[in-house]
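Reading through the structure tokens given below for one structure.
It should be emphasised that the depicted structure is a prediction, and the values quoted were computed from it without experimental measurement.
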Amino acid sequence: MLPFLLIILLQTVDIATHGVRERAQRRLRVEPSEATYACPLNNDFYYNGVISSPNYPNMYPPSTKCYYYITAEPGKVLSFKFSQYDLETCCDYVTIYDGPSVNNKILAQFGGPKSNLTSPIGTYLTMTRNAVVTFQSNEVIQKSGFSFTYNSTLSATPCNRDVLLVINGMAAVGTQSNFQKQLQFIANKLTPTWQIGADKVRAMIALLTGINYSTIFGFEDMPTNSNLSQTVLSLTNKVPDVTQNNKTDLECLFRYTHDLLDKMWKKDFDRRDGIEQVAIVFVASNANSEQDFYKAMEFSHLTRTAEDTKIIIVGMGNSLEQQQISQLAYANGFAFFSGYDQLDSLVSSINDALCRGLNSQLVFSLFVRSLVVINSLHSVLLIIIAATQFLIWRLNQPCDALLSSTVCFAFRLPLMFCFLMSSLLHCGMSIERSLATVFKNNYADYTSTSGYFIISVMTCLGILFVVAALHKWPLGVPNIYCSGAPNEVLMDLSMVTATLGILELIAFIYMLGLFFVNLRQLKAQNYSNLQRKSQLTENVAAFKLILPLHIFHMIFFVSFHSVGAYLFKLKSMFSSETGFRGFVAAAYLIPLYTFLSPLIVHQILRRGAQMRKRRLTAVRHVEKNEKDVYFGMYQELWK
């Protein structure tokens with residue numbers, strides 16, 4: 001009897017609570033989709049900015065889980081500082097992961113399970129260039145949420161890097177005194193200028209003492225500056241008499257550098273995502289033979305490309321062939337030479353190279369920025385002219401729709417300048433890429449100076465062309481078609497535009513030839529140093545951006561001037577003046593194609609970023625990877 005009553009009681013409770021459970025299940029099914037919608041659709045963030053919880057400063061939605069993928073500037077780490085934090089501490093929480101995925105180490109978690117922190121305190125710094133921030137809320141209590149700023153920063157002096165010091169303990173050093181001077185320079189002069197730490201500069205030592213033997217000290221062996229200095233100075237115990245060791249060749253030195261990075265680094269040490277690896281190689285002798293040099297070049301190239309590591313060379317002694325040995329470095333400006341007694345003078349140069357990238361990519365970005373600005377301004381001015389003319393036509397009779405010649409000239413002057421500068425910048429790009437092709441071995445040394453100089457010259461030419469085209473403009477005669485040209489300047493304007501059209505056609509053919517020259521040399525691996533390889537890669541990528549823009553511009557340039565040349569000859573085809581004026585207005589809308597130029601740049605770069613992201617995903621096997629934002633990350637695009 002008792003079991004029977006118990007069954008009836010359980011069924012009654014089940015029936016009574018069925019409606020409640022059904023409503024709760026419906027609520028749980030609906031709310032995740034609402035919460036998902038509340039999270040940002042584009043959850044990739046770059047460099048600096050502010051991130052807030054959904055609906056901030058109002059209450060965040062229940063049952064929410066948001067992901068924010070953040071990337072710092074190249075060579076930097078991320079800092080986080082919360083300006084507002086109001087969450088249900090038991091069950092709603094924010095987590096910061098130090099790396100590009102949620103599988104990386106947790107930097108901090110505020111609230112939630114297994115957390116000792118209920119709210120953020122101070123500033124939080126990552127060890128890597130990437131971070132993932134997650135926000136999770138449950139289905140009950142909601143509050144106003146959070147807001148934090150993220151910034152790209154250098155948390156170390158001179159910059160955040162993972163450094164491999166390849167110390168030369170071979171007989172080629174010459175004397176024990178020279179070996180000790182090398183160690184004293186590293187321990188007492190160079191590394192004390194670095195902030196050593198797990199989240200700052202991490203140093204690893206490879207002491208090469210034989211053709212088949214080296215001693216390795218990892219990051220965890222030297223967690224502080226004092227530990228690093230003591231370790232370096234103690235290396236005399238490993239090498240009591242350097243003259244008794246083997247003499248080495250360059251191949252051996254750079255083969256060890258590559259093998260250590262390829263095997264030991266990957267196997268025994270955690271690589272910090274996005275933090276640049278640098279190998280500082282101390283060279284004490286010239287190549288034994290041409291074959292020795294080319295083998296060293298091959299291992300240096302593999303270190304740079306396969307291991308993504310910058311090589312800085314410190315040449316010791318006064319008898320080194322500096323020009324040849326410099327080719328083994330990352331690029332021109334990354335190899336330094338002095339006698340053993342003058343090594344101290346190299347500290348600032350080495351630190352500068354430690355943090356510096358290649359500069360030549362920045363030159364080309366100046367042209368792209370200038371082109372986008374000029375084309376955008378050109379489109380805005382055209383829209384203003386068209387809108388002004390349309391309003392006047394609406395307010396007056398068509399035959400009385402006259403514009404002040406002075407007002408029209410004030411519009412046409414900058415409009416003409418932008419139109420001509422668009423063609424001149426294409427010509428300037430061909431000159432700049434020609435320099436990059438000819439001086440591919442050391443173009444990085446030019447920094448942005450050549451770009452500014454060429455743009456300045458093109459600007460002066462643009463002013464001269466505008467003056468030549470518009471100097472006869474009749475300021476006292478009203479204009480019917482402000483977007484057209486008065487008869488007084490028609491001949492000069494036609495001559496200027498025809499000249500520019502010919503120049504742009506020549507520049508296009510020239511750039512097309514340069515593209516195939518660079519592509520052929522790149523595919524044939526026809527380069528003598530790493531800078532040459534990097535420059536060829538950059539040139540090919542730059543031409544892939546320039547040429548579509550150039551073709552697009554030329555098509556509309558020719559179309560517009562062809563229509564303009566035969567405009568009034570086509571008037572007989574129209575039965576009414578209104579129809580002809582409509583045709584004229586439509587013809588003068590052609591230059592608005594410049595409005596599409598920034599969109600084309602964006603699409604080309606977006607496609608390149610997607611391709612880069614797919615390659616990174618295949619290699620790195622992480623959930624999220626950084627994209628290439630052109631102007632900010634151009635420096636790394638072709639590393």
Decide yes or no on side-chain contact (heavy atoms from CB on, under 4.5 Å) for T153 and K76, but give the supporting numbers first. CA-CA 5 Å; T153 185; K76 296 186 178 181; 5.8 Å; no
Does any N or O in the side chain of Q109 come within less than 3.5 Å of the main-chain N or O of G111, such that one atom is a donor and the other an acceptor? yes
Using the ring pair (Phe, Tyr, Trp, His ring centres under 6.0 Å) definition, which of the options Y124, Y150, F148 pairs with F80? F148
F334 vs Y330 aromatic rings, parallel, tilted or perpendicular, using cut-offs 30° and 60°? perpendicular
side-chain contact (heavy atoms from CB on, under 4.5 Å) evaluation trace for T134 with Y97: CA-CA 8 Å; T134 62; Y97 295 90; 3.8 Å; yes
Side chains of N55 and P61, heavy atoms from C-beta outward: is any pair under 4.5 Å? yes
Looking at D162 and R202, is there a salt bridge between them, counting it only when a charged N and a carboxylate O are closer than 4.0 Å? yes
What is the ring orientation for Y69 with Y67, classed by angle as parallel under 30°, tilted 30 to 60°, or perpendicular over 60°? parallel
Taking all atoms of both residues into account, what is the closest heavy-atom pair of D92 and S137, and its distance? OD1-CA, 3.0 Å
Show the nearest heavy-atom pair for residues G145 and S53, with the distance to one decimal. CA-OG, 3.3 Å
Any non-hydrogen side-chain atom of I280 less than 4.5 Å from a side-chain atom of I312? yes
In terms of ring plane angle, is the pair F110 and Y85 parallel, tilted or perpendicular, where the classes change at 30° and 60°? perpendicular
Please answer whether the main-chain N or O of S348 pairs with a side-chain N or O of N351 as donor and acceptor at a distance below 3.5 Å. no
Between T231 and D221 the two heavy atoms that sit nearest each other are OG1-O, 4.5 Å
Is F45 close to V133 at the side-chain level, that is, under 4.5 Å between some pair of heavy atoms? no
With a 4.5 Å heavy-atom cut-off, do T126 and D98 have their side chains touching? yes
Kindly compute the distance separating CE (M59) from CD1 (I141), expressed to the nearest 0.5 Å. 11.0 Å
L519 versus F543: any side-chain heavy-atom pair under 4.5 Å? no
Would you check if V77 and M127 make a side-chain contact, meaning some heavy-atom pair closer than 4.5 Å? no
Rounding to 0.5 Å, atoms OH (Y93) and CG (N138) come to a distance of 9.5 Å
The reported gap from CG in N48 to OG1 in T149 (rounded to nearest 0.5 angstrom) is 9.0 Å
Rounded to the nearest 0.5 Å, what separation is found between the OG1 atom of T309 and the NE2 atom of H258? 9.0 Å
Rounded to the nearest 0.5 Å, how far does CG of L78 lie from OG1 of T71? 7.5 Å
Quick check: does any side chain N or O of Q195 sit under 3.5 Å from a backbone N or O of T157, one acting as donor and the other as acceptor? yes
Kindly determine whether V132 and Y68 satisfy side-chain contact (heavy atoms from CB on, under 4.5 Å), including the steps that lead there. CA-CA 6 Å; V132 181; Y68 309 91; over 6 Å; no
Are any side-chain N or O atoms of D86 and backbone N or O atoms of K143, one a donor and one an acceptor, separated by less than 3.5 Å? no
List the steps and the verdict of side-chain contact (heavy atoms from CB on, under 4.5 Å) for L261 and Q277. CA-CA 9 Å; L261 291 164; Q277 294 180 162; 4.3 Å; yes
Heavy-atom pair with the smallest gap, counting every atom of E73 and S152: N-OG, 2.9 Å
Which value, rounded to the nearest 0.5 Å, describes the distance between F219 atom CZ and I196 atom CD1? 10.0 Å
In short, N225 meets T191 closest at the heavy-atom pair ND2-O, 3.1 Å
Closest non-hydrogen atom pair between S229 and A187, with its separation: OG-O, 2.9 Å
Main-chain N/O of N151 paired to K81 side chain as donor or acceptor, under 3.5 Å: no
Which label fits Y60 and F135: parallel for a plane angle under 30°, tilted from 30 to 60°, or perpendicular past 60°? perpendicular
Can any side-chain N or O of R161 pair as donor or acceptor with the backbone N or O of V278 at less than 3.5 Å? no
S144 versus Q84: any side-chain heavy-atom pair under 4.5 Å? yes
